Amino acid sequence: MKAVVSKLHFSSTEEVMVVRRRPHVVNGGGFVVTDCREKTIFKIDGCGVLGTRGELVLRDGDGTDLLLIHKKGGMVQALSIHNKWRGYSYDYQGSPKPVFTLRDPKQFCFSITGSIRISVQPGNCYFDVRGSFPDRDCSIVDSTGSVIAQVKEWSGSKDIYSVVTKANVDKAFVFGVIAVLDYIYGESTSC
């Protein structure tokens with residue numbers, strides 16, 4: 001897999017990361033991603049922290065912004081059968097650069113298990129989300145059908161779950177997608 005967000009967040013081996021949801025009342029929501037040594041790798045803030053609906057920020061463990069994610073709005077979006085989310089990384093000058101678009105079916109048009117597709121810019125590369133994110137049983141699959149990441153339940157809790165990322169996968173991209181899934185299903189990043 002080539003870098004979608006950053007080459008800095010690749011690993012040469014499979015990794016198990018732990019996601020901990022932050023409560024809205026204490027920290028404004030969002031979640032924190034740690035490695036097996038409990039070192040913070042990513043922080044995701046949603047509208048409880050940012051104050052804007054449909055906007056998410058993925059930061060590295062040091063607090064540097066890696067990915068800004070917006071839910072597309074407007075009249076065209078209102079008439080569409082899909083919601084669109086756009087992820088932007090920052091180039092070396094600090095300007096936003098589009099890196100992916102995630103399409104999910106609007107819940108009043110389709111069942112909640114409808115297909116979620118992620119298109120990566122530039123190029124014709126795409127990914128699909130298969131399974132059930134709310135049940136913590138889903139995978140992100142590339143266009144060849146290979147699983148690049150799996151979300152798994154962790155000890156029966158919805159507030160803590162694991163994500164297994166395969167070798168040579170852009171983890172910042174994976175957790176950007178998971179941040180959008182969290183928002184879509186009304187969890188810790190939503191208002």
Side-chain angles (χ1 to χ4, degrees), residues 1-11 17 19 21-22 28-33 40-74 76-77 80 82-106 114-130 133 138-143 147-151 163 165-166 168-191:
M1 174 183 188
K2 71 175 197 164
V4 176
V5 178
S6 172
K7 292 178 187 175
L8 299 174
H9 299 287
F10 272 70
S11 174
M17 316 284 267
V19 177
R21 291 175 31 170
R22 296 186 309 219
F31 57 88
V32 176
V33 179
T40 299
I41 306 301
F42 300 112
K43 298 174 190 171
I44 292 82
D45 291 326
C47 66
V49 174
L50 303 174
T52 306
R53 285 184 176 268
E55 190 168 295
L56 306 166
V57 174
L58 174 85
R59 296 182 171 97
D60 67 13
D62 296 326
T64 304
D65 291 357
L66 298 175
L67 197 57
L68 174 63
I69 305 167
H70 289 278
K71 183 177 181 183
K72 190 175 177 193
V76 173
Q77 181 64 31
S80 173
H82 290 92
N83 289 311
K84 280 190 181 179
W85 293 79
R86 296 235 164 102
Y88 300 87
S89 66
Y90 300 95
D91 65 16
Y92 65 94
Q93 297 173 329
S95 300
K97 174 182 89 169
V99 292
F100 73 83
T101 301
L102 184 146
R103 293 177 50 186
D104 74 284
K106 290 184 179 177
S115 175
I116 295 177
R117 171 143 299 174
I118 306 109
S119 303
V120 177
Q121 286 86 19
N124 293 331
C125 184
Y126 69 89
F127 298 85
D128 289 316
V129 176
R130 295 185 185 157
F133 180 77
C138 70
S139 300
I140 301 173
V141 180
D142 68 13
S143 54
V147 173
I148 65 162
Q150 291 179 294
V151 176
V163 176
T165 57
K166 302 298 180 184
N168 302 313
V169 169
D170 184 344
K171 292 180 291 205
F173 167 70
V174 167
F175 285 100
V177 170
I178 290 172
V180 176
L181 294 174
D182 184 271
Y183 192 98
I184 289 169
Y185 293 103
E187 299 195 9
S188 64
T189 56
S190 65
C191 294

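Position 1 is the first residue of the sequence; numbering continues from there. A quick note: this is a predicted structure, and the numbers were derived from the prediction, not measured.
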*Sequence neighbours excluded, which residues qualify as ring-ring contact (aromatic ring centres under 6.0 Å, His included) partners of F100?*
F173
*Check: I44 and D182 side chains under 4.5 Å, non-hydrogen atoms*: no
*Mind checking whether F127 and V120 have side chains closer than 4.5 Å, heavy atoms only?*
yes
*Can you measure from CG (L102) to CD1 (I118) and round to the nearest 0.5 angstrom?*
5.0 Å
*asked:* Side chains of V163 and V174, heavy atoms from C-beta outward: is any pair under 4.5 Å?
replied: yes
*Contact check, side chains of V32 and V19, non-hydrogen atoms, under 4.5 Å*: no
*Output the distance between atom CD1 (I148) and atom CG (D142), rounded to the nearest 0.5 Å.*
6.5 Å
_Polar side-chain atom of D62 near backbone of T64 as donor-acceptor pair, under 3.5 Å_ = no
*Specify the closest pair of heavy atoms between P96 and Y88, including all atoms of both residues, with the distance to one decimal.*
CB-CB, 4.1 Å
_Spacing of NE2 belonging to H9 relative to CG belonging to L67, to within rounding of 0.5 Å_ = 10.0 Å
*Quick one: which of L66, D65, V33, I41 gives a side-chain contact (heavy atoms from CB on, under 4.5 Å) with D60?*
L66
*Would you mind reporting whether L56 and Y183 have side-chain heavy atoms less than 4.5 Å apart?*
yes
*How many angstroms lie between atom OG of S139 and atom CG of D128, to the nearest 0.5 angstrom?*
11.5 Å
_Would you compute the distance between atom CG of L181 and atom CZ of F175 and round it to the nearest 0.5 angstrom?_
11.5 Å
*Among all residues two or more places apart in sequence or in another chain, which pass the side chain to side chain donor-acceptor pair (under 3.5 Å) test with K43?*
none
*Closest approach of F31 and R21, non-hydrogen atoms and distance?*
CB-CA, 3.9 Å
*Hey, are the side chains of Q150 and K166 touching, using non-hydrogen atoms and a 4.5 Å cut-off?*
yes
*Quick one: closest heavy-atom pair of D170 and F10, and the distance?*
CB-CE1, 3.8 Å
*Looking at NZ of K171 and CG of L8, how far apart are the two atoms once the value is rounded to the nearest 0.5 Å?*
10.5 Å
*Reference residue W85; test side-chain contact (heavy atoms from CB on, under 4.5 Å); the match among I184, I116, T101*: I184
*Checking side-chain contact (heavy atoms from CB on, under 4.5 Å) for the pair L68/E55: CA distance, chi angles, key distance, verdict?*
CA-CA 7 Å; L68 174 63; E55 190 168 295; 3.9 Å; yes
